[in-house]
Structures are given as structure tokens and as C-alpha cells.
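A short write-up of the structure that comes next.
Labels below follow one simple rule: chain letters A, B, ... track the order of the sequence lines, proteins then strands, and each chain is numbered from 1.
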4 protein chains.
Amino acid sequence: MNAQVVPGSSSRADAQRDRILCAALKCFIEHGFHAASMASIADTAQMSAGLMYRYFENKNAIVLGIIERQLEEKRTIIRQLHSSNDIAAGLLTTFERWCAADPGVMNPALFLEMSAEATRNPPLAAALRSFDAGMRMELQAWLGRDRELGGMGLAPECAVTRALSLQCFIDGLVLRSVRDPKVDRAQLRAAVHEQIGRLTR
Amino acid sequence: MNAQVVPGSSSRADAQRDRILCAALKCFIEHGFHAASMASIADTAQMSAGLMYRYFENKNAIVLGIIERQLEEKRTIIRQLHSSNDIAAGLLTTFERWCAADPGVMNPALFLEMSAEATRNPPLAAALRSFDAGMRMELQAWLGRDRELGGMGLAPECAVTRALSLQCFIDGLVLRSVRDPKVDRAQLRAAVHEQIGRLTR
Amino acid sequence: MNAQVVPGSSSRADAQRDRILCAALKCFIEHGFHAASMASIADTAQMSAGLMYRYFENKNAIVLGIIERQLEEKRTIIRQLHSSNDIAAGLLTTFERWCAADPGVMNPALFLEMSAEATRNPPLAAALRSFDAGMRMELQAWLGRDRELGGMGLAPECAVTRALSLQCFIDGLVLRSVRDPKVDRAQLRAAVHEQIGRLTR
Amino acid sequence: MNAQVVPGSSSRADAQRDRILCAALKCFIEHGFHAASMASIADTAQMSAGLMYRYFENKNAIVLGIIERQLEEKRTIIRQLHSSNDIAAGLLTTFERWCAADPGVMNPALFLEMSAEATRNPPLAAALRSFDAGMRMELQAWLGRDRELGGMGLAPECAVTRALSLQCFIDGLVLRSVRDPKVDRAQLRAAVHEQIGRLTR
DNA sequence: CATGAATGAGACTTCATTCAT
DNA sequence: CATGAATGAAGTCTCATTCAT
């Protein structure tokens, strides 16, 4: 009766789930989690509303799917920073992509939406918290690792502090990209270099 | 016909508006702008739903009222930082109040809600942008002012950069207070001092 | 407890009732019986909504009061036609006043509103029917009366027919004044003379 | 998102639209445009209120649908008069059907409702005006056409006047059918013949 | 597998009416 | 006598979800 499709069971099903999530991403960005209707998602995904319920139990499941993907995107960004030679440049480029609403990167508006939603959704809050902790650990490890191993060679106690500090700054940048996408680039570059520069010194 | 009560005309009306806004604040924090219903606000304010329309044209007017108040709270916080002798301590205290959801301070969850909402609401976006710009100017002026005049005595070009940098960091802290209210206080203190300390040096 | 004011008991009360009815007339013309709110009537009458309930039991009583007045206006019009030397000219003048929404004459829009309302309000329907019958009797008597007595000197059976015929034509004119207030005046004059002329022949 | 069903796209949808319009017709006749609720229409149409919004954008669209149909009915009546051999008889028969509230003919109560509504609804007023003008043109053409071509053979200037005169009389009859459906038929017949007879002479 | 018609709950809003002041 | 704050019912409309086809 409840013919919920098992994920991974078929590539066809996966493709459908993907179509739905892509459509949902667009709709959620445009209208937010609440204001985006299942009908609008179905329209965007070019399928019937009823069909979506074969692939997702309900609207909330779609929201969770989107959140999962967004976290994955954020994870990618953070990791790219580690392996990048010029962190400041990487951050600035990412900022540009945020401002341009590049669909291939974590969407900062959705990121806010998620953060706001987590306030009233304890499981989501826990997931975000755990994600953040994980990312912070990675940042910290990277900051503390020897330079010849690709790290920043900070003293352990310093790495802890700066990981948190950097995390706050990055989240602040996300917010800024939403709120003031036309922020003066020279000033922004200076601010980023001021924050990041201290790492390389 | 237009039985809208003129604001400020009577203390009774003001008290009612205040009751409604306080109730709305609670409901918006608990459920978000969209999910909070007029009925729930009315319940919380202990009045009939219809009565609220004597004091606010519609739900959106209440939302705007709340946003205005939240911005006022944020303005207060920023200004208190200027006049405080120990900025780091002030920021940490504020962070505590954010985490405790102290009703007398800007609510960080609502702050996110507002930021997210602004994404799809151009006038709101403009208001937030203008508010941000104003606050940044104030920060910048303060950072650049002579120490004997209560400022931080930074060189002008330095003040510009640090105002933006500080603004990002503060917004990041807001986000953190929502997402991880139990963040390790020692580490947080260190991070704040690291950011602020550079100002005083 | 129910301190309903007895009509005629005081000129003060009469003046109030009049203020209310005049305001109601405006509002009903502008918005119709249903869409005109008690609040808008109170505003127009420059009194509080509550006070109106001292003079009228409820909104429906006001509607009835207005209807009564409109019928009185129509009665006046018909009687003026009798005593007029030139009926066609009188009718044309009245038509002009209808089109101009002269507040001193029966309002044709309200007349339609009343007629429509009567469809679902049997007592009102009966009142209108009885009013119509009375007016038709008067028309008929006048048409049949000797010319030296101010009548039209028609044969009795002819007077009956023409009273009804004329009544239909006049109601048609009312409708036209609402629907096409800019109707070609030369054509209208011709049509009226064609209808009325036969009476004087 | 915009799940509005395209009219004419499917017979199923057409049938539904028809069910709704028939139900609305009943409700509007019984309660008027304003007092008839969407719920009552839904009840009458034996469907949920929400479903109606798949077929009509809002209540106003239903009202417009009904008005359109009523105008179509009136157009039919006028045209039948042209082609009828005995216009007076046709008019009397139609009057009977009006009084009997025959659902297959323009409903005179709705006609009044529409006329009243047009007073405050300029687009509707324009539509009615244009409809009236069209019908008057047709009447006029018919009155002026040669008798052997099925017309009344009136002189052009006479046709103009009588078209307007006849239109007023017919509208007066509509009003009478609502207000006094039991009007003495012998008198009415005489009045109609008096009006129409002059045409054939 | 897929559709989209259908439902029903619930959202926002208006307004006639009452009543404490 | 007068006010206008307050209520509660009712109205329009939206939308997540289900289910017959």
C-alpha cells in the first residue's frame, strides 16, 4: 500500500528524486520553505503532485532532502578552502558565487532559512550542530597541521580559537552575501585578507 | 470605515499595540513569521483575532512592527559596544543573553527569519541594507575616533576594513548563538578576544 | 434596557435618525446594501457605531428606513407628473436628475437595489407591490379624469391599460438612467414624446 | 502553482464548470451576489468549496460567468422576438417564463442584481452598456427592415425612436415580472399589444 | 507508474452587534 | 446620551495530502 520507493533501488527512482529536489531547490529559494507549495514544486519538476509522494513521504521529507544537499555543498566549500593555496582568494570567489546565486553552490538564502527553521525543529538543530562541530574539527585539524603537510602550522590552542573565529566570520560572510550582495569589493577583500592573513603569518 | 487606531493617539491604544507585538514576538520566535497564525497571536495576547485589526492593518503590519523593534534592539546593542569600556566583555554578555533568549534583547532566531524573509521581500531587504550601512558607519566612526574621545584611534583606512570585518563577525556570532547556544564558553571567549583584542592593540 | 427611541418623541431624536439615514443613503448608493458597513455609515454620519443602535434596531431597520424614503421620493415624482402641464418635459427633467444622481430625488441605483432585494425579502416585496398598485391606481384615475379636472380624459378601459404601460415605461427609464446615463438625449426625448404624446392625443 | 483548469480543454472540466455555474445561478437568485457564499454554492454543486477554485479563479469569476450567461439568455430572447411572427405573443410568453422563474430563460431577479452591481463596477457597467447598445442596434435594424425581409418597415428615424422606446418598455416588463408576478394578465396583454401593436400598424 | 481531481482543515480578514465606561 | 473597544461568527481562499482511474 505504501509503496515508498527505497532509495538506491533503481537509478530511475534516483533520477526522479533528483528532479524533485532540483525543483524544490528552485522553489524554496524563490519562496522559502513555507510559501513554496507542493504544486509549484510539481510544476517545476514537470510532474504531477501526486507522484512526488511516491518518492518523498511528505513535504517535510523534501525539505530535509534539500537541507542535506545544502550541507553537502557547504562541506565541499570548507574542504576546498583547506586544499586551496590561497584561502582568501577562495573565500572571495565563493562569496561571488553566493552573490550570483550560482546554483552549484550552497545557497545562502536557504542557509538562513535552514538556520531559522532549526530554531523550531530540534532534530534539524541537532543535525546542524553536529555538522558544524564536524566542520570545526576539520578546520581545527587543518589549522594545527604542519605546513609541510598542507596545514597552517598553528599551535593547538591557537588552532581551536581560530577555527571558531573563522567559522563565525564565514557565517557572517554568508549573511552578508544575502543582505548586501553589492558590498564594496575592495573593502570586502581587505576584510577577508585581514581575517585570513593572520592565519598565514 | 477605516477604524484603524492612530498610533500614539492614546496610551490605551499604545498598550494594546504593545500587547499584540509582545504576543507576536513570542509566536514568531516559536513558529516563524509564516507558521505563526493570527489566531495564535490573538490567543497569546489574550484578545480576539478581530480586535488586532483595529491596531494593525494586517498580519504583515505586525511583522513589520516586530522587525522594526528587532532592528532597534540591534542598534542598541551596537551602540552599547561603543560606549562600553570592555567591548569583548560586552559582546560576550550579549551572546549569553542571545542564548538565553532574553526577551529584552534582539532575538537571534528572528534575526535569521528576517534575513531570510528579506531575500524575497525587496523593501525589507532595502531596509535591512540601509540599517546595516548605518551601523557600519557608526562602527567605522567609532573605530577611527581618537582614544581620548572614546574611540579606538585606528587609521581611517583601517577603520573601514575593521568595521566590515567586525560586522561579519558579530553576525556570525548571532548565527552561532542560535545554532550552538552551548558552545564552549572558554573557546568563544578566546575567539572574541582574538577578534576584539586586535582593536585595542 | 432596550432604550429604543420612540419616533417623534423628540426633535432631537428625529434629527439623529435623519443624520443616520442621510449617511446611510450615501453609503448604500456608493456600496450597496450589503457592502456598506455600519462603520462606514457611522463615519459618514459623524457618530459612533454604537449610537446608531439607539435609533435603529439593526442594520436592516436602516435599510427599511431608506427604502421608505425612496418610495416617498418616487411617489412625489409620479404626483408631480399628474399636476404638471407638460408630462413629457417633467419626465425628461426627472431623467436628468436621475442621471445626475441628484440627492433630492429617488436614486435609481437604490431603486434597483431595492427591487433586487425584494426578490428575497417577501415583506419588502409586498410593500413594493402595494406601493406600485397604489401608484397605478393614481395614474389610472388621473388618466381617466376629465381634462377640465386636470386629467387626461381617457376612456376607463384605456386608462387601465395605459397606466400599466406607462408604469413599465417609467421603470424602464429608471433602469436606463443607471445603465446608460449618457444616452442620446434627442433620441430619448423622441421616445418619451412618442410614449406620452399618445396620452394627450 | 497555477492549477487553473483551461476552459474547453476537457469535457470533464466543462461539466464541472457547468455544475458550478448552475449551482451559483440558484444561489445568486436565492440570496444575491453578495449574500450567496462560496460554501452555499459548493453545497448546491455537491462539491467541496476548495474544488471550485480549480475551475474559477475566485468568486468574482463565477459572478462574471453567470452574468455572461444571463446576457446570452437576454440576447436569445431579443432575437427570438425578431424572428417571431407574433411579437406580442412572444413577449407575453417570455413574461410568463420570467414570472415562473424558468431556469432556461434570463432570470429577471439576477438581471436587477446585475444592473445594481454595475452601478459600482465600472467594467461591468461598460459591458452592460455595450450589450444594450448592440441589442438596440439589432432592434433598430429589424424595425427599419422591409416587411418582406422579415422587418417592420418603419422609417429610419422612427425605427431609432421605437428601438429605444421598446427597450425601455421591455426592461420595465422585466422589473414588473419580479415585482408583481401576478399582475393582471388581461391588462398586461392589453398593455403589450398597445406597445407592440403600433409597430405592426 | 502516473495523473490530477477532490477533500478538509486552517489561514487571514471583515463586520454586525454589544457593553463597560 | 455617547463612545469605541471588544467579540465571535462567517466569509473567501490556499494547500498538503489522498485516491480512483
Side-chain angles (χ1 to χ4, degrees), chain A residues 1-3 5 10 12-13 16 34-43 46-62, chain B residues 1 3 5 9-10 12-13 15-16 34-42 46-60 62, chain C residues 1-3 5 10 12-13 16 34-43 46-62, chain D residues 1-3 5 9-10 12-13 15-16 34-42 46-62:
Chain A
M1 191 149 258
N2 190 349
V5 172
S10 113
R12 158 85 170 152
Q16 293 282 62
H34 273 88
S37 69
M38 291 297 274
S40 72
I41 298 175
D43 270 9
Q46 286 178 290
M47 64 174 66
S48 72
L51 187 53
M52 295 196 297
Y53 284 83
R54 257 185 192 282
Y55 301 100
F56 292 92
E57 198 186 351
N58 50 32
K59 187 180 176 179
N60 197 53
I62 298 181
Chain B
M1 192 157 229
V5 171
S9 62
S10 112
R12 165 72 171 161
Q16 291 286 67
H34 278 87
S37 69
M38 289 299 275
S40 72
I41 298 175
Q46 284 179 292
M47 62 175 69
S48 71
L51 185 53
M52 296 195 295
Y53 287 84
R54 281 190 77 78
Y55 302 102
F56 292 91
E57 199 186 351
N58 49 33
K59 187 181 176 179
N60 196 51
I62 298 182
Chain C
M1 188 151 256
N2 188 348
V5 172
S10 112
R12 158 82 169 154
Q16 292 284 62
H34 272 89
S37 69
M38 291 297 274
S40 73
I41 298 175
D43 271 7
Q46 285 177 290
M47 66 172 68
S48 71
L51 186 54
M52 295 196 298
Y53 285 83
R54 256 183 193 286
Y55 302 101
F56 291 93
E57 198 187 350
N58 51 30
K59 188 179 175 180
N60 196 53
I62 298 182
Chain D
M1 191 159 229
N2 188 354
V5 172
S9 61
S10 111
R12 164 75 173 160
Q16 291 287 65
H34 278 86
S37 70
M38 290 298 275
S40 72
I41 297 175
Q46 283 178 294
M47 62 174 68
S48 71
L51 185 52
M52 295 195 296
Y53 288 85
R54 279 189 77 79
Y55 302 101
F56 291 92
E57 198 186 351
N58 50 32
K59 186 180 175 180
N60 197 51
I62 299 183

Answer with base, sugar-phosphate or nothing: what part of the nucleic acid does [X] contact at a heavy-atom distance below 4.0 Å?
X: D:S48; value: base
X: A:Q16; value: sugar-phosphate
X: C:A36; value: sugar-phosphate

Could you tell me the separation between the [atom1] atom of [X] and the [atom2] atom of [N], rounded to a whole number of Å?
X: A:N60; N: F:dC15; atom1: CG; atom2: P; result: 18 Å
X: D:L51; N: F:dT14; atom1: CG; atom2: C1'; result: 13 Å
X: C:F56; N: E:dT17; atom1: CZ; atom2: P; result: 13 Å
X: B:K59; N: E:dA11; atom1: NZ; atom2: P; result: 9 Å
X: D:N58; N: F:dC13; atom1: CG; atom2: P; result: 5 Å
X: B:I41; N: E:dA11; atom1: CD1; atom2: C1'; result: 12 Å
X: D:R54; N: E:dT7; atom1: CZ; atom2: C1'; result: 12 Å
X: D:I62; N: F:dG11; atom1: CD1; atom2: P; result: 15 Å

For E:dA20, the Watson-Crick or wobble counterpart (both distances under 3.5 Å): F:dT3
Partner nucleotide of F:dG8 by Watson-Crick or wobble geometry (both distances under 3.5 Å): E:dC15
Approximate separation, where rounding is to 0.5 Å, of C:I62 CD1 and C:M52 CE: 5.0 Å
Gap separating the OG atom of B:S48 from the OH atom of B:Y53, nearest 0.5 angstrom: 11.0 Å
Toward the 5' end of DNA chain F, by each residue's nearest nucleotide, A:G50 or C:M47: C:M47
Residue-phosphate contact under 4.0 Å: D:Y53 side-chain N/O, F:dC13 OP1/OP2: yes
Please determine, for the side chain of [X], which listed nucleotide ([options]) has the closest atom?
X: C:Y55; options: F:dC1, E:dA5, E:dC12; answer: F:dC1
X: A:M38; options: F:dT17, E:dT13, F:dT12; answer: F:dT17
X: C:A49; options: E:dT17, E:dC15, E:dA11; answer: E:dT17

Smallest separation among heavy atoms of C:A36 and C:S40, with atom names: C-OG, 4.1 Å
Student check: side-chain heavy atoms of D:Q16 and D:R54 closer than 4.5 Å: no
A:K59 (side chain) donor-acceptor with A:H34 (main chain) under 3.5 angstrom: yes
